[in-house]
Structures are given as C-alpha cells and as structure tokens.
Amino acid sequence: MGAHPPVKTKIPIPLAADGPISLDLTLRSGQVFHWDRQEDGSWTGVIGEAPVRVFEKSGVLQVNRDAAALARTYFSLDHPLEEIYAQFPSDPMSAEALGLCRGLRIIRQPRWECLATFITSSMKQVAHIRSMSLALRKAFGQPTKYGYTYPSPASMAAASEEALRACGLGYRARNLLATAGMVAGREFDLDAVAELETPVLREALLKLPGVGVKVANCVLLFAYERLDAVPIDVWIHRVLIAMRRGRGGTASQLARYARKNLGPYAGYVQQYLFHRARVSSKMAQ
DNA sequence: CGCCAGGGTCTCG
DNA sequence: CGAGACCATGGC
C-alpha cells in the first residue's frame, strides 16, 4: 500500500486514429472480473501490481500518471478498431452486435491471471467468476489502493486444495492447483510459448489441467493477442446455431463455421456477439 | 426453490 | 471421433 505515493494528477491518454473505447462495455463484457465502477463513472482496479483509477469521457481515457503506459497496453488502445469494424461480417446478428458494442476492446491480460481465471470459469456464471476472483485475490494476493493483485502461480501452488475450495472453486480447485504447480515450476513457461504459432500454442495449453478447447481459446484471445481465436461457450454455441438458421452440429463443426464466417478478427466478433446475446437475454425477462 | 452457468474429463460405443 | 455422465457452487 505504501509503495505508491498518492498521485492526484491525472493525465489524459489521447487516442490516435484507432477509434473509440468504452470502459463500461469493455470491463463488463466477461473478459476480466475484478473492476469496480464508482459512482462518478470511473473504474478502479489493478493492472498487474499497479492500482489504477481510470475514467473515460468523449473517447479519451484519463488515468493516474504512474499507470499510463500500463493502461495503454492493457486496454489495447493500439487495436485498429475502425479497420476491425470494416472487416465485420455483414449478417444481421453481427451487424446488430456491432451497433451495440462500439468501443468494446479485447483487453491484453496478464497471462497467468487470464489462464487461472478461466480455469475457474467452467460452468460458472459471470457474477460467480467475479466472486471467486475476489476471494482468491483476498486470500493469496497483495492489497493495493484499488483492490488486490492476482496471486502468483507460486503462491497458489503453495496453497492447499482446501484453501482454494474455500474460495468457492469446488472441483476446479484441483485443476487450478495442478496448473499453478506446472507454471510455478517452469514445467510450462507462459512467456516462452508466446512465440508459438496459434495452433501449436493451443495444443500446448490443452495439456494443462482444467484447460479444454474453450478455455484455451479464451487464453489465446485475451492473453496472447490471437484476435482470430473464438471461444465457444453456451452463449456463442446458441448464437452460432441461430446463425445457421437452427441447424446444430458438433463442436468442431460449429468451430469450423465460425472460422469461415466471422472474418480475420473472429475473436472480436465473438466478443460482440457474446455481449449482445447476454444483453438481449436480460431484456427478455 | 429449481434452473443454469464463458466446460473439462473420463468412459463407452 | 461422438455422445453421455459426472463434477461443486451460488446467482437469479
């Protein structure tokens, strides 16, 4: 807590010609689960070890000075949104999703945080992933001005399965513990594998306990900048079937359909479709 | 209260 | 390879 002197000066981070950003959409879209929206509309949270308070107005971000560089990278302000939108599919669902989600950006997450969080995500609602993340941070992370850091692989590997279960993980505790051990012991080097081609990297990730095709694609998209990776969860599964006019299929058939029809930024399209599906579901009730 | 959730893994045909 | 059973938990 005392490591960071209070910084009251906020400097604007101007956007180049890369389009807008919406913090509300980006931080509520099921990519990250540890940000808090304040009453003044700003968001507080942690990027890596750094406490961050960030505010968006008129397409410009304001952030505490010591986190400016981190925020640029984390919020992917260099992603060419207008080019991505120009490559969006023209089907009605993708077009509607784009209309709803302009400014939603795929975040560059710290690799371990992303991998571990999505190991805990299986068969869990977004709200509960959030509560598990908070419990893990409180139990094993470090406190900062704006919340807790995400626990290191070593600190999780050193924990007991019971301590992880106490954070609400259920049967996922075993997998998280095993994967934390492999990462902490350098049996799996999260940084070294970043050099691998996407299909090879995917196969490598699939060797980790608790990582199947869906979680591997989340990690590829959110932590390794593979913007063509398409995680297919229950929501996207339903969306793809609807796109195929009710025609279902096996998981691999739907994956092939997504790869052929969602364009070069299929991961972005997927994220927009995910948000659209969840919003329209809430409206329906 | 019962349903469902950003699934993975193992077994069996 | 594809389909089914099972796994823990809590928001809604």
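So that the names make sense, note that chain A is the first sequence line, chain B the second, and so on, each numbered from 1.
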Look at all strands and tell whether Ile236(A) reaches a base, only sugar-phosphate, or nothing, counting heavy atoms closer than 4.0 Å. base

Check whether any side-chain N or O of Arg238(A) sits under 4.0 Å from OP1 or OP2 of dC4(B), and answer yes or no. no

His34(A) side-chain N/O to Val46(A) backbone N/O, donor-acceptor pair under 3.5 Å: yes

Reading DNA chain B from 5' onward, which residue's closest nucleotide shows up sooner: Gly210(A) or Ser29(A)? Ser29(A)

When you get a sec, tell me which of dT9(C), dG11(C), dG2(C) is the closest nucleotide to the side chain of Gln125(A)? dG11(C)

Taking the same atom, C1', in dC4(B) and in dC7(C), what whole-Å distance lies between them? 15 Å

Scan Thr120(A) against the nucleic acid and name what it touches under 4.0 Å (heavy atoms): base, sugar-phosphate only, or nothing. nothing

Side chain of Met123(A) - closest among dA8(C), dG6(B), dA3(C): dA8(C)

Map Leu206(A) and Gln31(A) onto DNA chain B by nearest heavy atom, then report which one ends up closer to the 5' terminus. Gln31(A)

Between Phe33(A) and Phe118(A), does the ring centre distance come in under 6.0 Å? yes

Under 4.0 Å, heavy atoms only, any strand: does Gln271(A) hit a base, just the sugar-phosphate, or nothing? base

Nearest-angstrom distance from the residue atom NZ of Lys124(A) to P of dG11(C): 9 Å

Arg256(A) CZ to dG2(C) C1', straight-line distance once rounded to whole Å: 14 Å

Would you measure the distance from the P atom in dT9(B) across to the matching atom in dG10(C) and give it in whole Å? 22 Å

Between P on dC12(C) and CZ on Arg130(A), what's the gap in Å once rounded to a whole number? 11 Å

Could you state the CG-P distance from Leu164(A) to dT9(C), rounded to the nearest angstrom? 13 Å

Is the Phe274(A) ring parallel, tilted or perpendicular to the Trp235(A) ring (thresholds 30°, 60°)? perpendicular

Under 3.5 Å: donor-acceptor pair, side chain of Asn64(A), backbone of Arg53(A): yes

Classify Arg172(A) by what it touches in the nucleic acid, base, sugar-phosphate, or nothing, heavy-atom distance under 4.0 Å. base

Which value, in whole Å, describes the distance between the P atoms of nucleotides dG6(B) and dA5(C)? 23 Å

From the list dG6(B), dA3(C), dC7(C), which nucleotide is the closest neighbour of the side chain of Tyr171(A)? dC7(C)

Please state whether the rings of Phe75(A) and Trp35(A) are parallel, tilted or perpendicular, taking 30° and 60° as the class boundaries. tilted

Nearest-Å distance for atom pair CG/P, residues Asp233(A) and dG8(B): 10 Å

Nearest nucleotide by nearest heavy atom, which residue falls closer to the 5' end of DNA chain C, Ser122(A) or Ser131(A)? Ser122(A)

Tell me whether Phe118(A) and dG6(B) count as stacked here, given that the ring centres must be under 5.5 Å apart and the planes must differ by less than 30 degrees. no

Rounding to a whole Å, what distance do you find between Ile232(A):CD1 and dG8(B):C1'? 16 Å

Side chain of His128(A) only, please: which of dA5(B), dT9(C), dG7(B) is the nearest? dT9(C)

Please check if the number of heavy atoms outside Arg174(A) that lie under 6.0 Å from its CZ is greater than 12. no

Interatomic distance where NE2 belongs to His34(A) and C1' belongs to dG6(B) [whole Å]: 17 Å

Distance, rounded to the nearest Å, where Arg28(A) contributes CZ and dG6(B) contributes P: 16 Å

NA contact type, Gly168(A), heavy-atom cut-off 4.0 Å: base, sugar-phosphate, or nothing? sugar-phosphate

From the options dC12(C), dT9(C), dA5(B), select the nucleotide whose nearest atom is closest to the side chain of Trp235(A). dA5(B)

